[in-house]
Amino acid sequence: MPDGHRGRPGTATRTQFNIGRALPLLVLALTLLADLLTPDQERFDRLLVAAPALAAVTWSVRGTIGIGLLAMAARVLLTLNRSEPHASAFLESEIVIATVTAAAAWVSRVRTRYEQDLRELTAVAEVVQRVVLRPLPARLGRFDLHLLYVAAAAKARIGGDFYEAVRVPGAVRIMLGDVQGKGLGAVETASVLLGSFRAAVNDAPGLAALADRLEEGLARYGAWDPDSDAAERFATVVLVELPDGEDVARFLSCGHPAPLLQHDGEVGPVHFADPSLPVNLAGLADSRHRIEQVPFGPGDRLLLYTDGVSETRDRAGTFYPLEPRLRGWAQRPAEELPTLLHKDLADYGAGGLDDDVAALLVVFPPEAH
């Protein structure tokens, strides 16, 4: 999934929600029980006011008012149970409960409006996510794809890391990249590059032409909107081509971390003798893209990743040992690797994951040959 392996929060959220709804009723029941079972001089009825206050956290406006009315009715019951009712104290308590209930109902109204707005924004974010970062298929051509994607910003679904994989006539083409910086500007730049890739991927004669189209697309966007933040950002990109009928992989790196290749039981980085400059920096020097080609056959695996993976640091400042980790996971099922990597990165990082993370594992299954 594009938003990465984040666990299954729905069950925990539902449990917390049910406990929250039950808590006001529990307060009412315990207060009644404690007050009825203790001597007259021990009074617990003052705790009834907590019930509507707690209800505002999880109950609707009507539900909060209903809890408040139950608290007032409980106060009446406790007063009638006393041998010497105090009318003034009873009236004072009822006024306090009614006041707290009114305030709690207002809080509940504000909360429910905020939750509705949040649901609408989440729905919009999910649509944007599917447009900008579309879910990858589990199988593309001869290859299996396994994705890990986590945005660094809290509650964000899209960050500055981006990816795409497309089946074109005669090959599978893949792009994975990382925009400089974070925030909405990085997302804007990523969306421009993804649009350029999708527009050019089918008819570009090779990876070099495809890289040029990315450069042209970002430059054209900057010319259209000079004030855009995207015009000032650069992006590292790695392009991969997996041709039909050949057990090879072709690479072009625009300043991106070298992918890790698991081939014939060995794990190591793809060597780039002359990587290109990052996209939007190519104008600083003559751009002559060099394509690297390596064997990639049945049983091999290829891991593309961004620096959010390789530059995660522990408390001592040591970078995450991605290559040894991948070597240790060489015999693990491919579908387990995104989850293993996500958990290991979160445990390794001194502050958890503080950067966008994208990792795409491309597997050439033995039976696909």
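FYI, the numbering just counts along the sequence from 1. What you see is a predicted model; the values in this text were computed from it and never measured.
- Residues L214 and Y221 fall within the same hydrophobic cluster, defined by Ile, Leu, Val, Met, Phe, Trp and Tyr side chains chained together at heavy-atom separations under 4.5 Å.
- Side-chain contact between R139 and P365: present, with at least one pair of heavy atoms (C-beta onward) separated by less than 4.5 Å.
- Under the 4.5 Å side-chain criterion, counting only non-hydrogen atoms from C-beta, V192 is not in contact with R220.
- Minimum interatomic distance between D244 and A171 (heavy atoms only, all atoms of both residues): OD2-N, 3.7 Å.
- Residues R301 and D144 are not paired through a salt bridge, judged by the lack of any N-O separation under 4.0 Å between the basic side chain and the carboxylate.
- Put simply, the side chain of T312 never gets that close to the backbone of G349: no donor and acceptor are under 3.5 Å apart.
- Hydrophobic clustering keeps V49 apart from V107 (ILVMFWY residues linked when any side-chain heavy atoms are closer than 4.5 Å, directly or through intermediates).
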Show me, pair by pair, the donor-acceptor contacts under 3.5 angstrom made by side chains of residues 264-273, not counting sequence neighbours?
none

ask   = So V150 and D356, side-chain contact (heavy atoms from CB on, under 4.5 Å) or not? Walk me through it.
value = CA-CA 6 Å; V150 182; D356 298 329; over 6 Å; no
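- In this structure, D274 has no salt bridge (Lys or Arg N to Asp or Glu O under 4.0 Å) partners at least two apart in sequence or on a different chain.
- There is a path of hydrophobic side-chain contacts, each under 4.5 Å, that joins L252 to V168.
- Contacts classified as ring-ring contact (aromatic ring centres under 6.0 Å, His included) and involving residues 238-267 (residues at least two apart or in different chains) are not found.
- Atom OH of Y348 and atom CZ of R315 lie 11.5 Å apart (nearest 0.5 Å).
- Note: L360 CG to L303 CG = 8.0 Å, rounded to the nearest 0.5 Å.
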inquiry  = Between L54 and V27, does the side-chain contact (heavy atoms from CB on, under 4.5 Å) criterion hold? Intermediate values first, please.
reply    = CA-CA 9 Å; L54 291 171; V27 168; 3.7 Å; yes
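- With rounding to the nearest 0.5 Å, the separation of CG in L361 from CG in L337 is 5.5 Å.
- In this structure, CG in L25 is found 7.0 Å from CG in L70, a value given to the nearest 0.5 Å.
- No donor-acceptor pair under 3.5 Å is formed between the side chain of Y320 and the backbone N or O of R325.
- Taking 4.5 Å as the limit, every side-chain heavy atom of D247 sits out of range of all side-chain heavy atoms of P295.
- V61 and V57 are not part of a single hydrophobic cluster, where members link through side-chain heavy atoms under 4.5 Å apart.
- Residue Y305 comes nearest to A258 through the heavy atom pair OH-O, 2.9 Å, listed as atom of the first residue, atom of the second, then distance.
- Among all heavy-atom pairs drawn from I67 and P52, the shortest one is CG2-N, 3.8 Å.
- Under the side-chain hydrogen bond (donor to acceptor under 3.5 Å, both in side chains) criterion, Q331 pairs with no residue at all, not counting sequence neighbours.
- At least one donor-acceptor pair closer than 3.5 Å links the side chain of T306 to the backbone N or O of A358.
- Distance alone, capped at 3.5 Å, places no donor-acceptor pair between the R213 side chain and the V201 backbone.
- Residues I174 and V172 share a closest heavy-atom pair of CG1-CG1, 4.1 Å.
- Counting heavy atoms from C-beta on, the side chains of D307 and S310 come closer than 4.5 Å.
- Note on L140 and F162: same hydrophobic cluster, where clusters join Ile, Leu, Val, Met, Phe, Trp and Tyr whose side-chain heavy atoms are under 4.5 Å apart, directly or indirectly.
- For the pair W329 and D344, the minimum side-chain heavy-atom distance is below 4.5 Å.
- The distance from atom CD1 of I65 to atom CZ of R62, rounded to the nearest 0.5 Å, is 9.0 Å.
- A donor-acceptor contact shorter than 3.5 Å links the side chain of N280 to the backbone of R233.
- V248 places a side-chain heavy atom less than 4.5 Å from the side chain of P243.
- In this structure, CG in D314 is found 12.5 Å from CG in D347, a value given to the nearest 0.5 Å.
- A salt bridge links E164 with R134; the closest basic N to acidic carboxylate O contact falls under 4.0 Å.
- Listed by chain and residue number, nothing satisfies the side-chain hydrogen bond (donor to acceptor under 3.5 Å, both in side chains) test with E216 (two or more places apart in sequence, or in another chain).
- The side chain to side chain contact (heavy atoms under 4.5 Å, CB included) with V279 is formed by just one residue from the set D212, T189, L193; it is L193.
- For A249 against L242, the heavy-atom pair with the smallest separation is CB-CD2, 3.5 Å.
- Residues F234 and L277 form no side-chain contact, since every pair of their non-hydrogen atoms from C-beta on lies 4.5 Å or further apart.
- The two atoms that bring V238 and P259 nearest to each other are CG2-CG, 4.0 Å, heavy atoms only.
- Residues I97 and L48 form a side-chain contact, since some pair of their non-hydrogen atoms from C-beta on lies under 4.5 Å apart.
- With sequence neighbours excluded, the residues forming a salt bridge (Lys or Arg N to Asp or Glu O under 4.0 Å) with E323 are R327, listed by chain and number.
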